[in-house]
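Below: one structure, written as structure tokens.
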Amino acid sequence: MRTIWYEETLIAMIRIEIDGQAVDVERDTTILQAARQLAIDIPALCHHAAVKPYSACRICTVEVIRRGRSQLTASCSYPIREEIQVLTNSERVIHARRVLMELLLAQCPESKDIRDLAHRLGVENTRFRTRGEGSNCILCGLCVRVCRDVIGVSAISFVNRGWKREVKTPFDAPSEVCIACRACAHVCPTGAIQAEDISGNRMLSFWQTSRELQACASCGRPFAPGAEVQHLTRGRDDLRESLGICPQCRRTETGGRLERWTTSAQSRAIKDHGTP
Amino acid sequence: MESEELQGIIDHYAGEKGALISVLQDLQGVCNYLPEPALRQVSDALHVPLSQVYSVASFYNAFSLKPRGRHHICVCLGTACHVRGAPRVLQEMERQLGIRAGDTTEDMNFTLESVNCVGACALGPVVVADGGYSGQMTARKVSPLLKTLGTSHEENQNDS
């Protein structure tokens, strides 16, 4: 293994090659991360920088040549530990990705995001039996992981097994713990989860859950679910005031404070030096 | 099941990492299924999110979220059993019990399920009834089997 020792940092770098371009990366960098450093585009659905790789969708499949042997692997979870060669666009990769795409198309034929990605990969139809009407969920688990690992609420999880697998709230009932932060909707790669603010409530119909929006302490407009504000200010009394007002009022207030500060600084300068 | 009894099960595994499945197995053993209030108690006591408890409880075939009958009948529909006529055995079971696979009779006496291979292909078609294996099953052998199960149940009731 060739490692390059950078004198200032003393970090072992590993030189790899992606589509013929050489790049030095730290040990345990994933192939996906390294490729993005080189601005090489690898499609991915279940990957999000905020959570650990999960390798569920396999769309980020690449060909890795290691010690003369080639294998297909999910690039989002492959830690680089030795000199390897990566092909992100070989015939094998393209073929594998297209089959995966056909499977995803069969699972949610109505999803625009899936259709668009399929189109990008040159897939228009699927030879597999399509699932009838249903949600656009591809079971990538991003919502489950974000809710558990980033938000720390764990309101949802995978239930059942095999072809009956779904993402649901416990007992398929409206969630008791969801704070309606809509992080799940934000990361959902297919738009299966949607959040809507209607008449003072935030609705997450995918979870059959809704939470009342709290009114801004300054302008009185409903702006965020009370449950979310409470969750964010748990044990943080110092945040209670600033998070109790809507982003717009917060900006206005900050602006006002800045203005007062500059005006007083100016008047102080005039008093001290006679000029602003 | 009383919550104290469940607390006893939980305390038995106190402090063990990954106690969830063991607790659920014991709970399933006692109640024959996993009642919702019990799952909530398990979640609270083990500090495992309810969503995770529900995820595990719904994942494994050994757990049931619906009440199960006193007698549990599993008809194997694995490849070997299938080609030797297991579907006919299952059909006969469904006819005699008046329920579909996966359901429980109204008197809570029998739960009928199908599985994909119990690993006793040489005996196929296999039916596992209350843990006992019956090999080379035919539709004609269904009635005597149900009768034996029914009587053993009555005996148990007379005993107690």
*asked:* I'd like to know whether CZ of A:Arg221 has more than 12 heavy-atom contacts from other residues, nucleotides or ligands below 6.0 angstrom.
replied: no

*Looking at A:Ser175, A:Ser157, A:Cys147, which makes the most heavy-atom pairs under 4.5 Å with chain B?*
A:Ser157

*For B:Tyr60, look at atom OH and say whether over 12 heavy atoms of other residues, nucleotides or ligands are found less than 6.0 Å away.*
no

*Would you say B:His82 has more than 12 foreign heavy atoms packed within less than 6.0 Å of its NE2?*
no

*Are more than 12 heavy atoms from other residues, nucleotides or ligands located less than 6.0 Å from atom CD of A:Glu212?*
no

*Would you give the length of the straight line joining atom CG of A:Asn160 to atom OH of B:Tyr54, rounded to the nearest 0.5 angstrom?*
6.5 Å

_Between A:Thr169 and chain B, with a heavy-atom cut-off of 4.5 Å, which part of the residue counts as in contact: side chain, backbone, both or neither?_
backbone

*asked:* What's the separation between atom CZ in A:Arg165 and atom OG in B:Ser58, rounded to the nearest 0.5 Å?
replied: 9.5 Å

*Short question: side chain of B:Ser51, backbone of A:Ser154 - any donor-acceptor pair under 3.5 Å?*
yes

*Near B:Gln7 CD, under 6.0 Å, is it more than 12 heavy atoms from other residues, nucleotides or ligands?*
yes

*For residues A:Phe171 and B:Glu36, report the shortest heavy-atom separation together with the two atoms involved.*
CZ-CG, 3.3 Å

*Near B:Arg100 CZ, under 6.0 Å, is it more than 12 heavy atoms from other residues, nucleotides or ligands?*
no

*Determine the option with the most heavy-atom pairs under 4.5 angstrom with chain A, choosing from B:Leu50, B:Asn61, B:Val53.*
B:Leu50

